[in-house]
Participant: 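Quick one: the structure is below, and I'll ask about it shortly.
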Amino acid sequence: MRCLAQSGLHGQEDCCASRAGAHVALPTAQLPAAVAGMCPLQPGLAARAPQHREHAGCDPGADGPAPHPRDRGWHTASLQHALRVLDMTGLLDDGVEQDPGTMSMWDCTAAVARTCIAQQQGGTAEPGLAPIPVEVRVDLRVNRASYAFLREALRSSVGSPLRLCCRDLRAEDLPMRNTVALLQLLDAGCLRRVDLRFNNLGLRGLSVIIPHVARFQHLASLRLHYVHGDSRQPSVDGEDNFRYFLAQMGRFTCLRELSMGSSLLSGRLDQLLSTLQSPLESLELAFCALLPEDLRFLARSPHAVHLKKLDLSGNDLSGSQLEPFQGLLRAAAATLLHLELTECQLADTQLLATLPVLTRCTSLRYLGLYGNPLSMAGLKELLRDSVVQAELRTVVHPFPVDCYEGLPWPPPASVLLEASINEEKFARVEAELHQLLLASGRAHVLWTTDIYGRLAADYFSL
């Protein structure tokens, strides 16, 4: 069955269906009613979206009762027009810039889980009629509080007319055994992303979980946030766990995005990336304590020339790392769309030295520099030189050091994030930057210090 509609980043799509096995991507404002109304025990009654009832096999006449399902003609028509796929993927999950009429990822997970459990507990099929299965495609978000509920829903969907297909799984602060239990219940043919956050797994935990993740051969994105895996552990067990983790990473054939934030990969990035079977297009290595040799390896690796998104936040790029970092930018210049360099200790000197290679990234759309000790003069130079980057749409810049009171030098990142700002000085800075943008014909480019006010670009939306 060909997929006729796929939800975008905001899940705002028109309902569309094919007459021979419908595939529907509903507007998110209709999703709660659609899920709650799913009843695949009778053919053609899989979803209730009133303005599209004919696509779901329902009687388009709203005034009279539907024909009895034993009516042969009605049954044949309903089989032709019955809903087969309901796509509820692509919903915003953090409430940032979210339309009030849309569902969040949390809401969608809860709605689908309730429906699957109710379906298993409540319905009986019409005698003589086989239920028409409905594939429900969804992104699932789970934590300790919702784990048992979601596990029950996944179990209920096995062999049920409502087949739950998880596209993206996001698990937060979930114990290792619970994470494994959920992974075992997911359809290996559906999953494209596993996103584990705040789990404190360490290398031992990763070595337990990773073989269960590696069975998803179509997995395109693996995100391991704050798992606190330290590859520098001197213990024999730590070394064995790291080698086993690397061996399992070599099983992925379709991986395009890897995030290993806070995993402390000093001097071992070559071992990690060399195991992968295909080049990455998105690589997030925030707060990984990278060394110059790590950046040099990455610049020479097959991954560099394919990178669309690169996050090196929290790595010190001000000293001996600066030159290999510039080499990495040079290698990735043709493809790079999103560059995140938050808290990299880049002062004016380092920024000005990097501008010639940075401005070669002519396809760059997003540049994140928050938390770096840059002055107003440095920001103005960046603004002027970036005029050649026609695709640039967003620059998240730090508060200039000129706007702080009594700032120590060099200022630690913690001071830049917490110290008081002279609001009057910063207002003048904003006004001057705005005038420079207007003068260069780039009023459409957003220069902002709001690091939380916009959703970070998702790899699949690049």
Side-chain angles (χ1 to χ4, degrees), residues 9 92 94-98 225 259 261 282-287 307-318 325 329 332 336-348 350-352 354-355 358-359 361-404 411-419 421 423 425-427 429-438 440 442-459 461-462:
L9 179 62
L92 296 175
D94 287 322
V96 181
E97 294 187 344
Q98 183 174 330
H225 297 265
S259 176
S282 176
L283 181 59
E284 299 181 14
L285 299 169
F287 299 93
L307 286 176
K308 297 179 180 179
K309 181 177 181 180
L310 177 63
D311 186 350
L312 296 177
S313 296
N315 293 284
D316 184 356
L317 301 179
S318 65
F325 165 63
L329 281 186
L336 200 59
L337 305 176
H338 185 106
L339 178 61
E340 187 67 70
L341 301 173
T342 297
E343 296 182 42
C344 288
Q345 301 185 38
L346 293 171
D348 288 0
Q350 289 80 30
L351 177 64
L352 295 178
T354 305
L355 279 178
L358 178 62
T359 52
C361 302
T362 54
S363 298
L364 197 67
R365 302 173 189 167
Y366 174 96
L367 176 61
L369 289 169
Y370 193 82
N372 288 289
L374 299 173
S375 71
M376 180 56 183
L379 291 178
K380 288 166 65 175
E381 194 68 30
L382 171 63
L383 191 150
R384 293 191 189 99
D385 284 13
S386 63
V387 69
V388 298
Q389 295 172 298
E391 300 300 317
L392 191 62
R393 292 295 179 269
T394 304
V395 177
V396 179
H397 64 87
F399 292 98
V401 292
D402 319 58
C403 298
Y404 289 89
S414 58
V415 173
L416 292 175
L417 297 177
E418 298 173 6
I421 301 293
E423 297 292 346
K425 288 183 178 180
F426 182 62
V429 165
E430 283 191 307
E432 188 172 355
L433 290 175
H434 182 64
Q435 287 303 315
L436 288 171
L437 286 170
L438 289 176
S440 62
R442 290 182 292 160
H444 60 282
V445 182
L446 175 65
W447 277 61
T448 179
T449 58
D450 188 357
I451 196 171
Y452 300 111
R454 302 182 63 82
L455 282 174
D458 185 82
Y459 162 65
S461 71
L462 292 175

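The model shown is predicted, which means the values in this text are computed figures rather than measured ones.
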Participant: Go through the steps to decide whether L379 and V395 satisfy the test side chain to side chain contact (heavy atoms under 4.5 Å, CB included), and finish with yes or no.
Facilitator: CA-CA 10 Å; L379 291 178; V395 177; over 6 Å; no
Participant: Decide yes or no for D402 and K425: does some side-chain heavy atom of the first lie under 4.5 Å from some side-chain heavy atom of the second?
Facilitator: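 Result no, sub-4.5 Å side-chain heavy-atom pair not found.
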Participant: Would you say S461's side chain and A457's backbone share a donor-acceptor pair under 3.5 angstrom?
Facilitator: no
Participant: Just how far is it from atom CD of E430 to atom OG1 of T448, taken to the nearest 0.5 Å?
Facilitator: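 Those atoms lie 7.5 Å apart.
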Participant: Where do A443 and L438 come nearest, in terms of heavy atoms and distance?
Facilitator: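 In terms of heavy atoms, the two residues are closest at CB-CD2, 3.6 Å.
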Participant: Could you tell me whether the side chain of E343 and the main chain of F287 form a donor-acceptor pair under 3.5 Å?
Facilitator: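 No, E343 side chain to F287 backbone: no donor-acceptor pair under 3.5 Å.
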Participant: Looking only at non-hydrogen atoms, find the nearest pair between N372 and L346 and report the distance.
Facilitator: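 Scanning both residues completely, I find the closest heavy atoms to be OD1-N, 2.9 Å.
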Participant: Decide yes or no for P398 and L369: does some side-chain heavy atom of the first lie under 4.5 Å from some side-chain heavy atom of the second?
Facilitator: yes
Participant: Please, which pairs that meet salt bridge (Lys or Arg N to Asp or Glu O under 4.0 Å) have at least one residue in residues 367-380, sequence neighbours excluded?
Facilitator: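 Those involving residues 367-380 are K380-E432.
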Participant: Any pair with a residue in residues 381-397 that passes salt bridge (Lys or Arg N to Asp or Glu O under 4.0 Å), sequence neighbours left out, goes on the list, sorted by first then second residue, please.
Facilitator: E381-R384
Participant: Of the non-hydrogen atoms in L437 and V445, which two are nearest, and what is the gap between them?
Facilitator: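 Heavy-atom minimum between the residues: CD1-O, 3.7 Å.
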Participant: Is a side-chain N or O of Q389 found less than 3.5 angstrom from the main chain of C361, in a donor-acceptor match?
Facilitator: yes
Participant: Side chain to side chain contact (heavy atoms under 4.5 Å, CB included), that's the test. Do V429 and C403 meet it? Break it down for me.
Facilitator: CA-CA 9 Å; V429 165; C403 298; 3.8 Å; yes
Participant: Distance-only, no hydrogens or angles: does the Q350 side chain make a donor-acceptor pair with backbone N or O of A347 under 3.5 Å?
Facilitator: yes
Participant: Checking side chain to side chain contact (heavy atoms under 4.5 Å, CB included) for the pair R442/L436: CA distance, chi angles, key distance, verdict?
Facilitator: CA-CA 9 Å; R442 290 182 292 160; L436 288 171; over 6 Å; no
Participant: Run the side-chain hydrogen bond (donor to acceptor under 3.5 Å, both in side chains) test against S318 and tell me which residues pass, sequence neighbours left out.
Facilitator: D316
Participant: The criterion is side-chain hydrogen bond (donor to acceptor under 3.5 Å, both in side chains); which residues satisfy it with T362, sequence neighbours excluded?
Facilitator: none
Participant: Only counting residues at least two apart or in another chain, list the ones meeting ring pair (Phe, Tyr, Trp, His ring centres under 6.0 Å) with F399.
Facilitator: F426
Participant: I'd like to check the side chain to side chain contact (heavy atoms under 4.5 Å, CB included) partners of D311; sequence neighbours left out, ordered by chain and number.
Facilitator: E284, A286, S313, E340
Participant: Looking at N315 and L285, what are the two nearest heavy atoms and their distance?
Facilitator: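 The pair with the smallest heavy-atom distance is ND2-O, 2.8 Å.
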Participant: Counting only N and O atoms by type, is there a donor-acceptor contact under 3.5 Å from the side chain of R365 to the main-chain atoms of L462?
Facilitator: no
Participant: If you define the side chain from C-beta out and look only at heavy atoms, does anything of L382 sit under 4.5 Å from L374?
Facilitator: no
Participant: Do L367 and L358 come within less than 4.5 Å of each other through their side chains, counting heavy atoms only?
Facilitator: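 They are in side-chain contact.
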Participant: Grab the two heavy atoms, one from V415 and one from Y404, that are nearest each other, plus how far apart they are.
Facilitator: O-CE2, 4.3 Å
Participant: What distance do H397 atom NE2 and D450 atom CG have between them, rounded to the nearest 0.5 Å?
Facilitator: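 Taking NE2 in H397 and CG in D450, the distance rounds to 10.5 Å.
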Participant: What are the two closest non-hydrogen atoms of H338 and Y366, and how far apart are they?
Facilitator: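 The pair with the smallest heavy-atom distance is CE1-CD2, 3.2 Å.
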